[in-house]
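Working notes, structure below.
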Amino acid sequence: CSDSDLGPISLNWFEELSSEAPP
Amino acid sequence: NEAEQSTPVLFDGLTEENLQFVSKLKDSSSSCAVDVSTVWWEAAGCRELCVVTACENSVSLWKPLAPDHWGKVYTWQLGEIPVIQIIPLLDTCNLICIALGNLEIGEIRLLLHSSENDSFKQSLVKTGNIKAVLGLKDRRLVSSSRSMQEQEVEVVSFSETGRSKHGQTLMPPEETVLAFAEVEGVKDALVGTTAVNSIVVWNLRTGQLLKKMHVGYSYPASICHRAYSDSGLLFVVLSHPHAKESESCGNPAFRVIAFNPKTARSTGVIFSSLPPGHAGRYVEGEVKDALAAAVLSSGAIAVWDLLLGRCTALLPPGPAGGWALVRWGAAGAGLLAGRGDGSVCLYRYA
């Protein structure tokens, strides 16, 4: 899913950011 | 007489009164209302929604005696440091949290009733140079504080009897955090607004700082009131005490912004501006679900439906003076409006 202004959207944004961010 | 003085003004040809005067509380011993809130209180096996009023040096608990009548249960006397605000603790019973300080919060205290020896008590939770504090679900409290160059963002949890448990530290951003909001729809997500107009997102469980997103320069000193996640977007309700009036959106008090947390891009969803022709600006306010209320510099209180983006009611200052504060009560208790003379009026919003 994507929006032209907001970029690609992920329903699991919280889990994905948590796995990418430094601990 | 009071009801007459406080009759709401309706806009846009609305024919139904959606804000109705219910009752008034006046503490004869106090002169100035600092804050007001509601709290669940259980005594003798009876659990009731009570009202808490705060003056500079005392906090009073009021229980419903009869329809539209309130009786004072107890008054906690505080020390020399003035009370600044009541911090609502969601889903708690017999616990009141308050912030005290001069200009800024210097300490946070719990006011409670101990069933062990049937006595009213107060206990110190935290001291420091505290910039922002919010009560969270599951009897927790998050706060940001500054010491020299360092900022600490800490979550403290309480037992049912009000004992503080071990605190957890969240990774602080470089800039000072001025407000917090739990994210509805995402367990363990917390957002904050900062002194340089950014939104930061934390993982409450791990303490990670997940993202920093800029709000934009048009609306400085934005304060977050509510956040929820829907369809992969993070919606944040912000107030704008210092926003400039513009032709396109009038004089904005609240704004809902949709952020994509993955890309940090955002778009404005809806503006809630001051009623047309109403002079003045936003002073302070509160958001509950899709309703926002604010005291305006004219001394009036305005209520907005955030989904419609329009003002639905206005309480004029009245002959007794301007309104000083406005809060939403818990569990459908309606609107709590305080005046500088220490009186608090309850309104039903439907």
Tell me, for A:Glu15 versus chain B, whether the close heavy atoms (under 4.5 Å) come from the side chain, the backbone, both or neither.
neither

Can you list every ring pair (Phe, Tyr, Trp, His ring centres under 6.0 Å) pair that touches residues 168-195 of chain B, not counting sequence neighbours?
B:Phe180-B:Trp202

Under 3.5 Å: donor-acceptor pair, side chain of B:Asn260, backbone of A:Pro8
yes

A:Glu20 and B:Lys262 ion-paired at < 4.0 Å:
yes

Acceptor/donor pairs from residues 182-194 of chain B side chains to any protein atom, 3.5 angstrom cut, sequence neighbours excluded:
from, atom 1, to, atom 2, distance (Å)
B:Glu182, OE1, B:Lys137, N, 3.0
B:Glu184, OE1, B:Arg226, NE, 3.3
B:Glu184, OE1, B:Arg226, NH2, 2.8
B:Glu184, OE2, B:Arg226, NE, 2.9
B:Asp188, OD2, B:Arg205, NE, 3.4
B:Thr193, OG1, B:Cys224, N, 3.1
B:Thr194, OG1, B:Glu175, OE2, 3.4
B:Thr194, OG1, B:Val196, N, 3.4
B:Thr194, OG1, B:Ser198, N, 3.2

Interatomic spacing from CD1 in A:Ile9 to CG in B:Leu234 - rounded to 0.5 Å:
12.0 Å

For chain A, find which of B:Gly207, B:Gly232, B:Ser266, B:Ala258 contributes the most heavy-atom pairs closer than 4.5 angstrom.
B:Gly232

What verdict does the side-chain contact (heavy atoms from CB on, under 4.5 Å) test give for B:Thr267 and A:Leu6, after you've listed the backbone C-alpha separation in whole Å, the side-chain angles of each residue and the deciding distance to 0.1 Å?
CA-CA 8 Å; B:Thr267 184; A:Leu6 296 172; 4.1 Å; yes

Examine the side chains of B:Asn203 and A:Ser18 and answer whether a donor and an acceptor come within less than 3.5 Å of each other.
yes

Verdict with reasoning, A:Trp13 to B:Thr263, per side-chain contact (heavy atoms from CB on, under 4.5 Å)
CA-CA 10 Å; A:Trp13 63 266; B:Thr263 62; over 6 Å; no

